[in-house]
Amino acid sequence: MLPRDPRFIFLGTGTSSGVPVIGCDCEVCTSADPRDSRLRTSACLEWTDPEGKPRCVLIDTSPDLRQQALRHKVGRVDAILFTHNHVDHTFGLDEVRRYNAMQQQAIDVYAEPRVIEFLKRVYQHIFDSERNVNQSFVATLIAFPIEPGRPIDLHGMRFTPLRAMHGRLPVVGFRIEPVRAAASHGPSSGQAGGLGASSLQPSDLFPLVYLTDVSAIPNETWPLLRDCRTLVLDALRHRHHPTHLTLGQAIDIGRNIAARRTYFVHMTHDLPHAKTQATLPEGMFLAWDGLVLSE
């Protein structure tokens with residue numbers, strides 16, 4: 001059996017300041033269009049595993065995670081994947097303690113070694129809880145190091161880390177697809193839920209590639225982008241930025257990859273949703289908080 005009923009949810013689509021921006025009265029920050037209100041960028045994939053159990057994996061834990069989880073009724077978390085260690089992608093980690101309590105089990109965290117080091121330093125009360133002065137309600141997490149190109153198999157879905165550059169900082173994105181469909185792309189990491197190799201009919205959703213906080217894509221990553229059907233890509237604003245793609249640059253990369261659908265995230269208040277969407281090429285879209293992609 002294969003994973004079924006996948007739902008990719010954009011929990012947040014905004015840049016590090018969020019939109020509305022504090023103290024700003026521009027047309028986007030005061031807009032009545034709910035698509036112009038953007039929490040900090042993060043996402044999740046929900047699906048039913050081959051045994052019929054519901055599963056959910058978070059990609060990053062933004063400072064808005066509690067609000068996002070309540071808004072989108074995220075009822076469980078089986079694992080967390082981190083793209084990098086910046087505050088707007090990690091400072092909601094404390095909120096996952098509620099899922100520990102509901103699920104009565106630890107939650108696996110997957111990140112590059114330097115990101116794990118950052119998390120253990122910032123969240124010492126979680127990862128070194130025996131040193132806490134008082135016993136308290138903290139998350140229970142198990143950290144696993146990842147590396148680009150080495151897939152992570154979780155309950156029938158495969159998440160392959162992809163190297164990207166965020167200015168001078170190496171970060172990762174993820175290529176997401178059912179394990180059997182992905183088998184030809186490399187060996188399993190041996191982590192939970194691997195399935196054997198087989199062929200699948202093409203999916204409208206997978207492979208899905210998620211690349212936020214990106215300013216450049218190295219040559220080594222391009223082979224894992226060419227056949228993706230859904231692309232999620234950083235597109236900060238029109239003006240140049242040293243660590244993010246502009247909307248124009250993102251459009252050019254999207255055209256090169258030629259996914260069936262391309263969605264832009266991590267946007268500032270420089271991009272009003274309706275006006276910007278009207279200028280985009282066919283098959284390209286500004287994502288918005290709460291947008292759900294499914295088969």
Side-chain angles (χ1 to χ4, degrees), residues 3 5-14 16 18 37-49 51-111 115-146 152 154-157 159 174 176 191-193 210 212 265 288-294:
D5 305 323
R7 300 172 73 246
F8 186 86
I9 305 173
F10 292 87
L11 299 177
T13 58
S16 59
S37 181
R38 299 164 182 151
L39 299 176
R40 269 66 72 90
T41 291
S42 60
C44 71
L45 179 71
E46 298 178 336
W47 74 98
T48 302
D49 75 12
E51 297 179 353
K53 297 179 181 179
R55 301 294 180 183
C56 177
V57 168
L58 292 180
I59 304 178
D60 292 334
T61 56
S62 89
D64 302 312
L65 178 59
R66 180 180 179 277
Q67 182 179 355
Q68 293 166 339
L70 290 170
R71 175 183 291 178
H72 305 298
K73 296 180 171 58
V74 179
R76 66 176 294 116
V77 171
D78 293 282
I80 304 167
L81 309 178
F82 282 104
T83 59
H84 63 299
N85 64 347
H86 283 170
V87 165
D88 55 322
H89 294 262
T90 59
F91 267 32
L93 184 58
D94 199 60
E95 302 294 350
V96 304
R97 61 185 181 161
R98 176 59 185 157
Y99 294 104
N100 292 130
M102 291 192 296
Q103 296 164 202
Q104 292 294 296
Q105 63 185 35
I107 295 173
D108 295 340
V109 171
Y110 296 88
V115 178
I116 292 176
E117 181 181 357
F118 168 86
L119 294 174
K120 288 184 175 180
R121 176 173 56 83
V122 173
Y123 292 99
Q124 184 178 0
H125 67 286
I126 292 176
F127 291 97
D128 199 9
S129 59
E130 65 274 11
R131 297 181 60 183
N132 293 344
V133 174
N134 296 315
Q135 291 188 351
S136 58
F137 180 25
V138 300
T140 305
L141 307 175
I142 303 173
F144 294 93
I146 63 174
I152 306 156
L154 299 170
H155 309 292
M157 295 297 299
F159 301 81
F174 294 95
I176 307 169
Q191 294 161 346
Y210 185 86
T212 184
V265 295
W288 65 87
D289 293 15
L291 173 63
V292 178
L293 309 181
S294 59

Sub-3.5 Å donor-acceptor pair from the side chain of [X] to the main-chain atoms of [Y], do we have one?
X: Asp289; Y: Thr13; result: yes
X: Asp64; Y: Gln68; result: no
X: Arg7; Y: Val292; result: no
X: Gln105; Y: Asn100; result: no
X: Thr90; Y: His86; result: yes

Set of residues satisfying side-chain contact (heavy atoms from CB on, under 4.5 Å) with respect to Val122, sequence neighbours excluded
Phe91, Phe118

Suppose we screen for side-chain contact (heavy atoms from CB on, under 4.5 Å). Which residues come up paired with Thr212, at least two apart in sequence or across chains?
Thr41, Asp60, Thr83, His89, Tyr210, Val265, His266

Those residues that, when tested against Arg71, pass side-chain hydrogen bond (donor to acceptor under 3.5 Å, both in side chains) (two or more places apart)
none

When rounded to the nearest 0.5 Å, the distance separating CD1 of Ile146 from CD1 of Ile116 is 8.0 Å

According to salt bridge (charged side-chain N to carboxylate O under 4.0 Å, His left out), who are the partners of Glu95, at least two apart in sequence or on a separate chain?
none

Can you say whether the rings of Phe10 and Phe8 are parallel (under 30°), tilted (30 to 60°) or perpendicular (over 60°)?
perpendicular

Are any non-hydrogen side-chain atoms of Asp128 and Tyr123 less than 4.5 angstrom apart?
no

Does a side-chain heavy-atom distance below 4.5 Å link Leu93 with Leu119?
yes

ring-ring contact (aromatic ring centres under 6.0 Å, His included) against Phe174, all qualifying residues, sequence neighbours excluded:
none

Taking only residues at least two apart or on different chains, which pairs with a member in residues 77-88 satisfy salt bridge (Lys or Arg N to Asp or Glu O under 4.0 Å)?
Arg55-Asp78, Arg76-Asp78

